[in-house]
Number of protein chains: 2
Amino acid sequence: MATTQPAAVDRPATIHDIAALCGVAASTVSRALSTPDRVNIRTRQRIEAAAAQLHYIPNSQAKALSSGRTGAVGVLVPDITNPFYFDLIRGTQLQLKAAGYTQLLVDTEESDEVEASTLEQLRKSADGIIVAASRLTDEALLAAAAKMPLVTINRDVPGVPAVIIDTPSATSQALDHLVSLGHTRIAYMAGPLTSQSSTRRWTTLSEAAEERGVEVRRLGPFAPKTQSGAAAADAAVHSGVTACIAFNDLIAIGMLQRLRERGLRVPEDMSIVGCDDIFGADFCNPPLSTMASPIEQAGRVAVSMLLARLNPLAGGGTRSRSVMPTHLTVRGSTGPARQAL
Amino acid sequence: MATTQPAAVDRPATIHDIAALCGVAASTVSRALSTPDRVNIRTRQRIEAAAAQLHYIPNSQAKALSSGRTGAVGVLVPDITNPFYFDLIRGTQLQLKAAGYTQLLVDTEESDEVEASTLEQLRKSADGIIVAASRLTDEALLAAAAKMPLVTINRDVPGVPAVIIDTPSATSQALDHLVSLGHTRIAYMAGPLTSQSSTRRWTTLSEAAEERGVEVRRLGPFAPKTQSGAAAADAAVHSGVTACIAFNDLIAIGMLQRLRERGLRVPEDMSIVGCDDIFGADFCNPPLSTMASPIEQAGRVAVSMLLARLNPLAGGGTRSRSVMPTHLTVRGSTGPARQAL
DNA sequence: ACGGTAATGACAACCGATTGCCAAACTTTG
DNA sequence: CAAAGTTTGGCAATCGGTTGTCATTACCGT
């Protein structure tokens with residue numbers, strides 16, 4: 001191969017080019033750019049001028065190799081096409097970019113295996129990881145968190161920093177709302193068995209139901225997709241309930257569609273409550289009553305928590321758990337209970 | 001700092017560890033793993049066994065630095081929260097993962113500056129780039145494409161490989177549909193001025209309108225968000241048209257909401273056609289007539305085109321332009337024209 | 001004016017792989 | 001059995017930075 005071409009035209013500039021131009025050593029250039037205080041101000045200015053002139057852009061690969069830090073953070077979501085994650089992703093993206101980090105977004109396809117292998121993969125190519133709605137076991141998450149900085153979203157494992165969206169408390173609100181409308185037979189349309197959110201919500205719900213003396217039965221599990229809504233709707237109708245609390249808005253919206261197909265009216269014949277207040281919840285037909293939360297903010301908070309771990313110097317008590325408030329947003333999909341058959 | 005710990009417990013294994021364990025040179029390990037043919041089969045098997053035993057995972061940073069290839073592809077979209085891109089992103093992600101590449105997803109925030117700087121940034125950290133709905137000038141895109149492999153989506157610049165979603169032809173279908181319903185005064189609710197899609201669509205539309213002897217006026221521009229739909233709806237009502245073709249579904253859905261607020265009925269008082277058939281178009285109220293296209297497939301094709309350039313060896317004529325078909329999907333938001341005032 | 005401390009910048013090792021080159025070992029052939 | 005050809009695998013340079021070590025210089029107080 002040809003030797004180093006000093007006059008290479010379009011090759012991106014390196015610190016060596018700058019060093020040659022300024023007549024200093026490459027290490028001096030490195031220091032001038034990363035620890036300006038350790039270099040004479042005049043030298044530094046010459047170097048900065050040369051860097052600008054050569055359009056120098058540091059090679060992140062090389063930087064990562066020698067410093068051990070990649071400047072990237074992995075963000076794992078179970079399903080990119082689920083609108084719930086849009087705002088989350090935007091939140092992480094904005095916060096990461098603001099801090100000079102790159103976001104590596106990966107869709108784990110609702111699979112614990114993909115999630116585990118991605119985690120292993122990212123161990124070297126990212127400084128830290130944010131895992132949303134993990135499908136892994138507590139042990140696996142704990143082990144992963146021991147190997148590298150990791151923050152979960154909507155997954156509470158002792159010892160692993162987490163941002164929790166407090167849907168359980170909103171679930172109680174939803175139940176109260178339905179009870180106040182006269183509903184006494186209510187169904188919870190469960191999400192994936194491996195979803196901790198779904199489990200937590202069901203626990204809260206069944207306890208709350210007992211306190212209030214109403215019947216709540218669990219149906220499902222259903223995949224968190226609109227297509228699953230059809231099966232959910234049929235199951236709900238068959239079970240004889242007058243109101244449903246769905247694991248998330250996708251299922252709820254799917255139910256809305258199916259009920260309409262079957263000629264049932266919402267909310268007259270069946271009330272539906274969703275969860276997440278995703279894109280579409282406000283303009284579906286009827287508009288969906290749902291549990292809303294600051295999702296984008298959850299993403300930002302997760303990033304902040306992670307970065308606090310990566311750069312401990314920047315002070316501030318390192319929170320290891322943050323709970324995002326959730327509230328019920330009532331729209332048109334909930335109404336007074338139909339008279340009992 | 002401490003010297004290299006030969007007995008470091010939890011440090012990820014390197015090829016040197018493998019080499020030491022097998023009693024060969026590191027380069028042999030490298031060859032055994034990347035060009036197995038160049039190594040004795042027995043040696044290779046020993047190395048593979050050792051690699052498995054040590055849970056060896058190649059360091060992608062180091063690989064990138066020495067080989068010049070990063071194994072990553074940048075995907076730039078103007079707005080992650082726009083559902084249109086969900087399927088696109090999923091398409092690119094799946095195809096990239098299948099080929100062993102990592103996806104670097106970046107939201108350029110509808111800004112040409114962010115887009116340009118991201119492009120420059122990615123020049124070193126990605127092997128190639130896919131740019132969806134670029135806001136850059138033709139010149140800038142051409143220059144970027146000259147520096148590194150790049151494929152655009154929905155942006156036609158001579159000399160730059162592209163995947164084009166053929167909305168113009170669908171626009172004609174939409175116009176025919178509206179004309180057949182008796183509409184003669186129609187509006188096009190334009191998207192961003194820097195969007196080539198919007199411009200192309202308007203050109204096609206105004207020509208088609210002339211052929212058919214109907215009036216189509218251009219309103220806008222409107223930002224591609226549901227919030228802009230309110231302004232769009234008001235403008236449409238004020239202009240006295242009976243039907244609208246919107247730049248995309250977000251605007252169309254926003255219009256639906258606004259018209260409802262103002263007490264106007266769709267489609268009785270106003271017909272609306274959207275574009276993209278995004279998540280939500282089928283369950284809004286009324287369901288939206290829109291121009292649908294295989295978006296996920298567009299993402300896959302873009303990746304295939306890019307990878308064909310990255311690995312020219314894998315044969316196959318390298319297409320530099322691919323057009324995705326689009327068709328009109330009629331739902332409830334279009335109907336017979338209201339009688340002229 | 002001199003010893004001492006601080007500031008400065010050059011040298012070189014290093015991060016973990018890839019890869020050109022070459023020598024040793026082995027196989028084939030005359 | 002030797003010459004020629006083919007594998008095989010080791011050495012060392014390289015990618016583009018970071019960082020520890022150390023020599024040099026400048027500035028300080030006395």
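Residue numbers begin at 1 in each chain, while the letters A, B, ... track the order of the sequences. Values below: every heavy atom of this structure, side chains too, minus hydrogens, waters and symmetry copies.
Residue contacts shown for B:Thr43 are limited to sugar-phosphate atoms, with no base heavy atom under 4.0 Å away. Across all strands shown, A:Ser30 has heavy atoms under 4.0 Å from base atoms, whether or not it also approaches the sugar-phosphate.
Residues B:Ser304 and B:Gln95 have side chains that bring a donor and an acceptor to within less than 3.5 angstrom of each other. For B:Ser134 and B:Glu115, the side-chain atoms include at least one donor-acceptor pair closer than 3.5 Å.
Distance from the side chain of B:Arg38 is smallest for D:dG9 among the nucleotides D:dG9, C:dA17, D:dG16. Nearest to the side chain of A:Arg69, among D:dT19, D:dG9, C:dA17, sits D:dT19. Listed candidates were C:dG16, D:dG17, C:dT18. Nearest to the side chain of B:Lys63 is C:dT18.
Remark on DNA chain D: of its neighbouring residues B:Arg44 and A:Ala13, the 5'-side contact belongs to B:Arg44, judged by nearest-heavy-atom nucleotide.
Regarding B:Arg123, its CZ atom lies at a distance of 15 Å from the C1' atom of D:dG16, rounded to whole Å. Note: CD1 (A:Ile15) to C1' (D:dT19) measures 11 Å, nearest angstrom. The interatomic distance linking B:Asn40 (CG) with C:dA25 (C1') rounds to 11 Å, in whole Å. Distance CD1 (A:Ile18) to P (D:dT18): 11 Å, rounded to an integer number of Å. Atom pair B:His16:NE2 and C:dC14:C1' shows a separation of 11 Å (rounding to whole Å applied). Between A:Arg42 atom CZ and C:dG9 atom C1' the separation is 15 Å, expressed in whole Å. The CG atom of A:Leu65 sits 12 Å away from the C1' atom of D:dT14 (whole-angstrom rounding). Rounded to whole Å, the distance from CZ on B:Arg46 to C1' on D:dT8 is 13 Å.
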Pairs under 3.5 Å (N/O, protein and nucleotides 10-12 of chain C):
unit_1, atom_1, unit_2, atom_2, d
C:dA10, OP2, A:Ala25, N, 2.8
C:dA10, OP2, A:Thr28, OG1, 2.7
C:dA10, N6, A:Arg31, NH1, 3.4
C:dC11, N4, A:Ser27, OG, 2.9

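A side chain to side chain contact (heavy atoms under 4.5 Å, CB included) with B:Glu110 is found for exactly one of B:Thr194, B:Asn82, B:Asp79, namely B:Asp79.
A distance-only check finds no donor-acceptor pair linking the side chain of A:Arg46 to the backbone of A:Gly23 [under 3.5 Å].
A search for salt bridge (Lys or Arg N to Asp or Glu O under 4.0 Å) contacts involving A:Glu48 returns nothing, not counting sequence neighbours.
Nearest approach of B:Thr28 to B:Thr43, heavy atoms of both residues: CG2-CG2, 4.3 Å. What you find for A:Arg44 and A:Ala32 is that their closest heavy atoms are CG-O, 3.9 Å.
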